[in-house]
Asks: 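Input: one structure, supplied below.
Here is the naming used below: chain letters follow the sequence lines, and residue numbers restart at 1 for every chain.
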Amino acid sequence: MASTIQPRLFKGCRDALPEDMIPRREMLEVMTRIFETFGFAPVETPAIEFLDILLGKYGEEGDKLIYPLAYKGGRTLALRYDLTVPLSRLVAMHPELPRPFKRYQIQPVWRADRPQPAQGRYREFYQCDVDTVGSPSLMADAENVAVCYRVYEALGLLDDEAGLVMRVNNRKLLRVLVTAAGLDADQDKTVCTALDKIDKIGREKVAAELDEKGISADATHRLFQLIAVSEENGGRPTATLEALRATLEGVPGAGEALDEMAALFDGLAALDVPDERLRFDLVLTRGLDYYTGPIYEFQLTGLASFGSLGGGGRYDDLLSIYGVGDIPATGVSIGLSRVQSALVKLGRLESRKSPTRALVLHLEDVPQTTSLRLATRLRGEGIPTEVWFEPSRFKKQIQHAVKLGIPFVLIQGPDELERGVVQVKDVRQGRQVEVMESDLADHLRSAD
RNA sequence: GAGGAUGUAGCUCAGUUGGUUAGAGCGCCAGGUUGUGGCCCUGGAGGUCGUGGGUUCGAUUCCCAUCAUCCUCCCCA
């Protein structure tokens, strides 16, 4: 006897059961509809990319999280880490694509993280990306945020219990702040990764980390003062913007960065994204290296420890790596898997185990082909129908419907057949009515 | 990558201060009731006590290692 194989999954990967897939499909319908409303066109890329296509784009930390694949003795391949870099590669390979190229893409990505289900963190998860390649306009960035806003709105995440917040900032502005604090502009990455943690670990620990990295206490102090501006103004776009204009007057580059933010907020207003939803947050930095301009990240205040539900930004320099010259681009990603986990955690997801609306019960005296004919008629009317195949007791058949959440069971024995009727039992309420065969489809459609 | 906790039935967990055949609830299967589920009753299946080693007359229990899972941090979706 051959030894058995233990069925198991790689850490951080999950199966999606019907009760997961049914709501997911509904979410996908909502998303694709909204994406297409904005004029984004669908695209897919392979799960596997050459390793050098991916390396060096995400930063030191990001590179470590790329899954390399062993192939023919080498490690030249990898699973994609996000959808932005594969998109850049795709655009570089297709110079004929009319620009601006607006595309959306919904596919899984893989990260060699430590999984933490409670925070919605997995190694394999779905991203839904929307990008505009070939336009430097801040209006494209505004659309990124707006399209996400519409999705979260449609999924019901705007109420106080969920508390969606859309944080926005700008890499250029961060560089300005770094210089304004008396530091070298290229120290911005070091500073940013430290600053990013300020909400979680507090000022003192961030100061300690900066000290370790060789940043003077004086510069750190000035940085903290500058960054406090957004918090002091509650992150309100206009107030924060005005305060920064005053604070950063005369600082080189400050005008351009703040003009960008002003344009972004104007665009968002025109796209009907309410101001109250936005937080101009100078602490937001984002870890990926490729961002160059506006950046954004979306979270739920109702699930504070939960990871972000989406984020993105402008990456004007990424395409040039593939030797196609300077092509500006900006994009955003919604974490489908994480959004779904969040909805589950909030108890918002009604999950069915089957799409079936009616189950035709098996009766001893009725040939199976008769049941199949009934099912075929209903299916032709668009009613999801299944047939019980075994000669089981009614108890078992009805229980099956209950377990799967099938609302109706249909009983048609010799007597009903002769009279051209069907017994329709609503297993949720236990009510049973006799319905003419000709009215059956309408009855099943409307009854609820 | 850093730190912490936990592994006993499909699930949630008892338990053995080291002692024969390891328990409960829920779930599952069958029957009571083969044209009507949910309640009730009866019976049944299901466990290498995570794995390997050590101590011991004897280990699920004590010790060591290992693996797995979960949590916190980091980072993000």
Side-chain angles (χ1 to χ4, degrees), chain A residues 4 6-12 58-65 80-84 106-129 148 167 192-194 196-197 199-202 205-206 209 284-289 291 295-300 303 305-313 332-342 359 361-366 388 390-404 406-417 422-432 434:
Chain A
T4 58
Q6 181 65 227
R8 70 213 126 102
L9 278 177
F10 183 54
K11 190 202 285 273
Y58 307 112
E60 211 178 305
E61 292 297 312
D63 281 359
K64 279 191 220 157
L65 299 180
R80 63 166 168 254
Y81 174 90
D82 71 353
L83 302 179
T84 304
I106 300 172
Q107 290 191 276
V109 302
W110 293 268
R111 295 185 188 176
D113 240 347
R114 174 153 303 190
Q116 237 164 282
Q119 295 177 14
R121 174 208 228 90
Y122 297 93
R123 283 182 174 171
E124 179 186 66
F125 57 94
Y126 271 83
Q127 288 198 319
C128 309
D129 272 41
C148 292
R167 303 163 69 204
C192 281
T193 45
D196 197 35
K197 306 171 190 171
D199 280 342
K200 285 207 169 181
I201 64 176
K205 286 189 180 172
V206 171
E209 190 172 324
L284 175 69
T285 65
R286 298 198 45 88
L288 301 183
D289 264 8
Y291 292 120
I295 48 179
Y296 9 93
E297 194 166 306
F298 318 128
Q299 285 160 335
L300 297 182
L303 291 177
S305 66
F306 216 67
S308 70
L309 299 200
V332 71
S333 178
I334 296 177
L336 173 68
S337 309
R338 185 165 285 174
V339 170
Q340 188 169 358
S341 302
L359 172 67
L361 297 200
H362 178 283
L363 282 90
E364 258 180 323
D365 311 326
V366 177
W388 188 266
E390 323 308 328
S392 320
R393 298 167 54 192
F394 266 33
K395 173 171 183 162
K396 183 162 183 164
Q397 301 188 50
I398 294 171
Q399 282 292 355
H400 186 254
V402 170
K403 278 184 217 157
L404 290 190
I406 298 170
F408 301 103
V409 297
L410 308 182
I411 301 157
Q412 193 176 39
D415 171 58
E416 285 87 357
L417 270 168
V422 177
Q423 302 289 340
V424 178
K425 185 185 179 82
D426 184 332
V427 298
R428 297 165 301 184
Q429 304 161 31
R431 286 212 201 114
Q432 183 167 324
E434 187 173 287

Asks: Any donor-acceptor pair, under 3.5 Å, between the side chain of Lys425(A) and the base of U36(B), if you only look at N and O atoms?
Replies: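 Indeed there is one.
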
Asks: Provide the Watson-Crick or G-U wobble partner of C73(B), both distances under 3.5 Å; none if there is no partner.
Replies: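 Pair assignment: C73(B) / G1(B).
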
Asks: Looking at the base of C75(B), is there any donor atom on it, or on the side chain of Arg111(A), that sits under 3.5 Å from an acceptor on the other one?
Replies: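 No, the side chain and the base share no sub-3.5 Å donor-acceptor pair.
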
Asks: U36(B) base to Gln432(A) side chain: any donor-acceptor pair below 3.5 Å?
Replies: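 Such a pair exists between side chain and base.
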
Asks: Return the nucleotide paired to G25(B): Watson-Crick means purine N1 to pyrimidine N3 with N6-O4 or O6-N4, wobble means G-U with N1-O2 and O6-N3, both under 3.5 Å.
Replies: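 Its partner is C11(B).
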
Asks: Less than 4.5 Å apart, any side-chain heavy atom of Lys425(A) and any of Arg431(A)?
Replies: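 Of all side-chain heavy-atom pairs linking Arg431(A) with Lys425(A), none is under 4.5 Å.
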
Asks: Regarding Gln127(A) and Gln107(A), is there a side-chain donor-to-acceptor distance under 3.5 Å anywhere?
Replies: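 Result is no, nothing qualifies.
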
Asks: Using the C1' atom on both, measure U20(B) against C57(B) and round to a whole Å.
Replies: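 14 Å, rounded to whole Å.
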
Asks: Please report the distance separating the C1' of G4(B) from the corresponding atom of U8(B), rounded so that it comes out in whole Å.
Replies: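 Going atom to atom, C1' in each nucleotide, I get 23 Å.
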
Asks: Which part of the nucleic acid, if any, lies within contact of Gly311(A), taking any heavy atom under 4.0 Å across all strands shown: a base, the sugar-phosphate backbone alone, or nothing?
Replies: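 Sugar-phosphate contact only.
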
Asks: Paired with C40(B) by Watson-Crick or G-U wobble geometry, both distances under 3.5 Å: which nucleotide is it?
Replies: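 For C40(B), the partner nucleotide comes out as G32(B), under the 3.5 Å rule.
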
Asks: Just by distance, no angles: are the side chains of Tyr81(A) and Asp63(A) close enough, under 3.5 Å, to form a donor-acceptor pair?
Replies: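 Looking only at side-chain atoms, Asp63(A) and Tyr81(A) do not form any donor-acceptor pair under 3.5 Å.
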
Asks: If G52(B) has a Watson-Crick or G-U wobble mate with both distances under 3.5 Å, name it; if not, just say none.
Replies: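 When the pairing criteria are applied, C64(B) turns out to be the nucleotide that pairs with G52(B).
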
Asks: When the P atoms of U51(B) and G10(B) are considered, how many whole Å apart are they?
Replies: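 The answer is 13 Å between these two P atoms.
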
Asks: Using a heavy-atom cut-off of 4.0 Å across all strands, would you classify Pro391(A) as base, sugar-phosphate, or nothing?
Replies: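 Answer is nothing: Pro391(A) stays at 4.0 Å or more from every strand.
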
Asks: With sugar-phosphate meaning primed atoms plus P, OP1 and OP2, does Glu416(A) contact a base, only sugar-phosphate, or nothing at under 4.0 Å between heavy atoms?
Replies: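 Contact class for Glu416(A): base.
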
Asks: Counting only N and O atoms by type, is there a donor-acceptor contact under 3.5 Å from the side chain of Gln397(A) to the main-chain atoms of His362(A)?
Replies: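 Side chain of Gln397(A) to backbone of His362(A), a donor-acceptor pair under 3.5 Å: yes, one is there.
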
Asks: Which part of the nucleic acid, if any, lies within reach of Leu288(A) when heavy atoms closer than 4.0 Å are counted: base, sugar-phosphate only, or nothing?
Replies: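 The answer is sugar-phosphate, as Leu288(A) gets under 4.0 Å only of primed atoms, P, OP1 or OP2.
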
Asks: Contact class for Ser337(A) vs. all strands (heavy atom < 4.0 Å): base, sugar-phosphate, or nothing?
Replies: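 Counting heavy atoms under 4.0 Å across all strands, no contact is made by Ser337(A).
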
Asks: Would you mind telling me which of U36(B), U34(B), C75(B) lies closest to the side-chain atoms of Glu364(A)?
Replies: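 Of the options given, the side chain of Glu364(A) lies nearest U34(B).
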
Asks: Assign Gly310(A) to base, sugar-phosphate, or nothing according to its heavy-atom contacts below 4.0 angstrom with the strands shown.
Replies: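 Counting heavy atoms under 4.0 Å across all strands, the contact made by Gly310(A) is with sugar-phosphate only.
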
Asks: Using the C1' atom as the point on both nucleotides, what is the distance between U61(B) and U56(B), in whole Å?
Replies: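 That atom pair is separated by 13 Å.
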
Asks: Of the nucleotides C70(B), G35(B), G32(B), which one has an atom closest to the side chain of Leu363(A)?
Replies: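 That would be G35(B).
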
Asks: Could you check whether Arg431(A) gets within reach of a base, just the sugar-phosphate, or nothing at all, counting any heavy atom under 4.0 Å?
Replies: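 Since no nucleic acid heavy atom lies under 4.0 Å of Arg431(A), the category is nothing.
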
Asks: With heavy atoms under 4.0 Å as the rule, sort Tyr122(A) into base, sugar-phosphate or nothing.
Replies: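 Base, at least one base heavy atom under 4.0 Å.
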
Asks: Does CD belonging to Gln432(A) count more than 12 external heavy atoms closer than 6.0 Å?
Replies: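 More than 12 heavy atoms, drawn from other residues, nucleotides or ligands, come within 6.0 Å of this atom.
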
Asks: Rounding to an integer number of angstrom, what distance separates C74(B) and U17(B) when you compare their C1' atoms?
Replies: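 Those two atoms are separated by 43 Å.
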
Asks: Donor-acceptor check, side chain of Trp110(A) to backbone of Ala112(A), threshold 3.5 angstrom: yes or no?
Replies: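 Between the backbone of Ala112(A) and the side chain of Trp110(A) there is no qualifying donor-acceptor contact (under 3.5 Å).
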
Asks: Hey, does Glu61(A) reach any base, or is it just sugar-phosphate, or nothing, if we go heavy atoms under 4.0 Å?
Replies: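 Nothing, no nucleic acid heavy atom in range.
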
Asks: Closer than 4.0 angstrom, basic N to acidic O: yes or no for Arg121(A) and Asp113(A)?
Replies: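 Yes.
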
Asks: Using the P atom as the reference point in each nucleotide, state the distance between G18(B) and C63(B) in Å, no decimals.
Replies: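 Result for the P pair: 10 Å, nearest Å.
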
Asks: For G47(B) and G7(B), measure between their C1' atoms and round to the nearest Å.
Replies: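 Rounded to whole Å, the distance is 14 Å.
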
Asks: Using the P atom as the point on both nucleotides, what is the distance between A5(B) and A45(B), in whole Å?
Replies: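 Roughly 40 Å separates the two P atoms.
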
Asks: Please indicate yes or no: is the ring centre of Phe394(A) less than 5.5 Å from the centre of the six-membered base ring of G35(B), with the two planes inclined by under 30 degrees?
Replies: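 So Phe394(A) does not count as stacking on the base.
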
